[in-house]
K.L.:
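Okay, here's the structure, questions in a sec.
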Number of protein chains: 2
Amino acid sequence: MAAVSTELIRKLREISGAGMMDCKHALEEAGGDIDKAFTILREKGIAKAAKRAGRSTGQGVVEAYLHRLSDDFPPQVGVLIEVNCETDFVAKGEDFRKLAKELALQVAATSPRWVSRDDVPDDVLVEERNVYEAKAEQDGKPKQVITKIVEGQVENFIKETCLIEQPYWRDPKRTVGALIAEHISKLQENITVRRFARFNIRES
Amino acid sequence: MAAVSTELIRKLREISGAGMMDCKHALEEAGGDIDKAFTILREKGIAKAAKRAGRSTGQGVVEAYLHRLSDDFPPQVGVLIEVNCETDFVAKGEDFRKLAKELALQVAATSPRWVSRDDVPDDVLVEERNVYEAKAEQDGKPKQVITKIVEGQVENFIKETCLIEQPYWRDPKRTVGALIAEHISKLQENITVRRFARFNIRES
C-alpha cells in the first residue's frame, strides 16, 4: 500500500469529519486518491456519521427486551433502552426501531455498565488503574512498560463495559458504535443511546 | 361502632402482625370480637401479608411495559420492573406475572420515583419539608399548626412519589401496597418490588 502524506490525511479529515486513523486507512486503500478515499469512508458509514455526531436528538423510541431461560419460566433478565434521533419521521421508521431492538439485545447479552467511555466515573477508572498497576508491579514488570500495560488494560476494561465500545454480539468484528454509525449514515440523522437499564433476578 | 380497648388492639396486632390502625378498624367492624376481627384482617389480606413481610425473596420475574401515544408511533414511554417472591413455583404462576405486569402499568401511569418510603433520600425529604414550612409561614399560619401542616404535606409527597404508597390506578380506593398484600395472602409468599426504571423520551 502507498504511504500517504499527513497533508492528505488532514484534508480528508476536514472533508469527512472522520478520525485520523480512518482517514489514513481509507487513503491507503484508495492509493492516495482523496475522492476515492472519501467514498470509501462514506461506504463504511464513517464520514456522514462523524459529521452528524454533534446534532441534537430530541426524538426517539423506548424499547424493551425480556429474556427467558426456558419456555416454562418467566423472564429473569430484562432490558429497557432509550435511543434518540433527530426527527419523528426517523423515529417512526422500521430501521430505527430495529436498531433499538438490536441494542436492547446487545445489553441483555453483554451486560454493559455504561453507554460510552465518557460515562465511566473517574473513581472507577482510578480504582481499575490501581489494580492493574499493583498486578504489573507484583509480576515484576519493568517500570517503563507498566504505564503502557496499564493503559492497555484500562482500554480493555472500557471496551468490555461501555455499550458503544463493545463488539457487536451478532458480528464481533464491528463495534456497537460502528453499527450505530452505519444507521446514522443510512438514515441521515444523528442517533444516540441516551440510557439503558438491565435487571437480572440473580444479581445480588 | 363500639370503642375498642388498647389491650384488644395489642392482642390482635400480636396474632396478625398487622398495623395498629388496621387492627383498630377490624375490631370496630367486628364489634370487639377478636376472632371475627382476625378473619376480617385475613379477608383484607393484611394479616398474612404482614406475617410474611420479613421473609426473603430470591426468585421473581422481570416485566416490561411500552406505551405508545398512537398506533403509528413507536413507544415513547417504557417501564422495566423486577418483582420478587420466595420460590420459583410462585414465580412461574400466572397470578404473579399478572401482578408484575399490573405494577409495570402503574409505574407507566403514575411515574413514581421510588419503590417505598424507605427509599426516599433524606436530603429530598429535608428539601420538601423546607419548602412546605416556608410556604406555611408565608401564608401566615400560626406556629403551633405549621408542624402538623408540614407533616401532612410530606405524607402526601410520599403517597405521590412512592410506588407502594400510591393509589392503585385501576382502583384508587386501594393502595399499590394493598394490591401486593392481597397477592401475598393469596399466593402465601412474601412479594417485594425490588426496583423499576421508567424512561420517557420527553424528559429533559
Side-chain angles (χ1 to χ4, degrees), chain A residues 56-105 107-108 111 115 187 189 191-204, chain B residues 56-105 107-108 111 115 187 189 191-204:
Chain A
S56 76
T57 49
Q59 299 290 329
V61 63
V62 179
E63 196 51 75
Y65 171 69
L66 297 175
H67 184 71
R68 288 165 177 274
L69 299 172
S70 70
D71 281 349
D72 70 332
F73 230 81
Q76 302 283 292
V77 173
V79 170
L80 192 70
I81 194 164
E82 179 179 342
V83 186
N84 291 165
C85 57
E86 295 175 36
T87 64
D88 62 351
F89 177 77
V90 162
K92 282 178 183 178
E94 207 182 321
D95 283 340
F96 182 71
R97 189 132 191 238
K98 264 190 191 161
L99 173 65
K101 280 184 180 154
E102 202 62 18
L103 294 172
L105 274 170
V107 173
S111 311
V115 173
L187 302 174
E189 279 196 14
I191 297 171
T192 54
V193 177
R194 188 177 174 200
R195 48 186 170 171
F196 63 80
R198 184 184 191 277
F199 294 169
N200 180 354
I201 298 279
R202 300 276 164 261
E203 279 162 8
S204 61
Chain B
S56 76
T57 49
Q59 299 290 329
V61 64
V62 179
E63 196 51 75
Y65 172 69
L66 297 175
H67 185 70
R68 287 166 177 274
L69 300 171
S70 70
D71 281 348
D72 69 332
F73 230 82
Q76 302 284 291
V77 173
V79 171
L80 192 70
I81 194 164
E82 179 180 342
V83 186
N84 292 163
C85 57
E86 295 174 37
T87 64
D88 63 351
F89 178 78
V90 162
K92 283 178 182 178
E94 206 183 321
D95 283 339
F96 182 71
R97 191 135 189 236
K98 266 190 189 161
L99 173 66
K101 280 185 178 152
E102 201 64 18
L103 294 172
L105 275 170
V107 172
S111 311
V115 173
L187 302 175
E189 279 196 14
I191 297 171
T192 53
V193 177
R194 187 175 173 204
R195 47 186 171 170
F196 63 81
R198 184 184 190 277
F199 294 170
N200 181 354
I201 300 280
R202 301 276 162 261
E203 280 163 7
S204 61

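In what follows, chains are A, B, ... by sequence order, proteins preceding strands, each numbered from 1. All values derive from a computational prediction rather than experimental measurement.
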K.L.:
Listed by residue number, which members of residues 95-105 of chain B have a heavy atom under 4.5 Å from any heavy atom of chain A?
P.N.:
B:R97
K.L.:
Name the region of A:N84, side chain, backbone, both or neither, that has any atom closer than 4.5 Å to a heavy atom of chain B.
P.N.:
side chain
K.L.:
Is it true that a side-chain atom of A:Q76 and a backbone atom of B:G60 form a donor plus acceptor pair closer than 3.5 Å?
P.N.:
yes
K.L.:
Does any pair with a residue in residues 73-82 of chain A pass salt bridge (charged side-chain N to carboxylate O under 4.0 Å, His left out), and if so which ones, sequence neighbours excluded?
P.N.:
A:E82-A:R194, A:E82-A:R195
K.L.:
Can you tell which of A:P75, A:G78, A:A64 has the highest number of heavy-atom pairs within less than 4.5 Å of chain B?
P.N.:
A:P75
K.L.:
For A:V61 and B:I201, which heavy atoms make the closest approach, and how far apart are they?
P.N.:
N-CD1, 3.3 Å
K.L.:
Return yes when atom CZ of B:F73 has more than 12 non-hydrogen atoms of other residues, nucleotides or ligands closer than 6.0 Å, and no otherwise.
P.N.:
yes
K.L.:
So which of B:Y65, B:F196, B:F199 has the biggest tally of heavy-atom pairs under 4.5 Å with chain A?
P.N.:
B:F199
K.L.:
Just so I know, are the side chains of A:L66 and B:L80 near enough to count as touching, which here means a heavy-atom distance under 4.5 Å?
P.N.:
yes
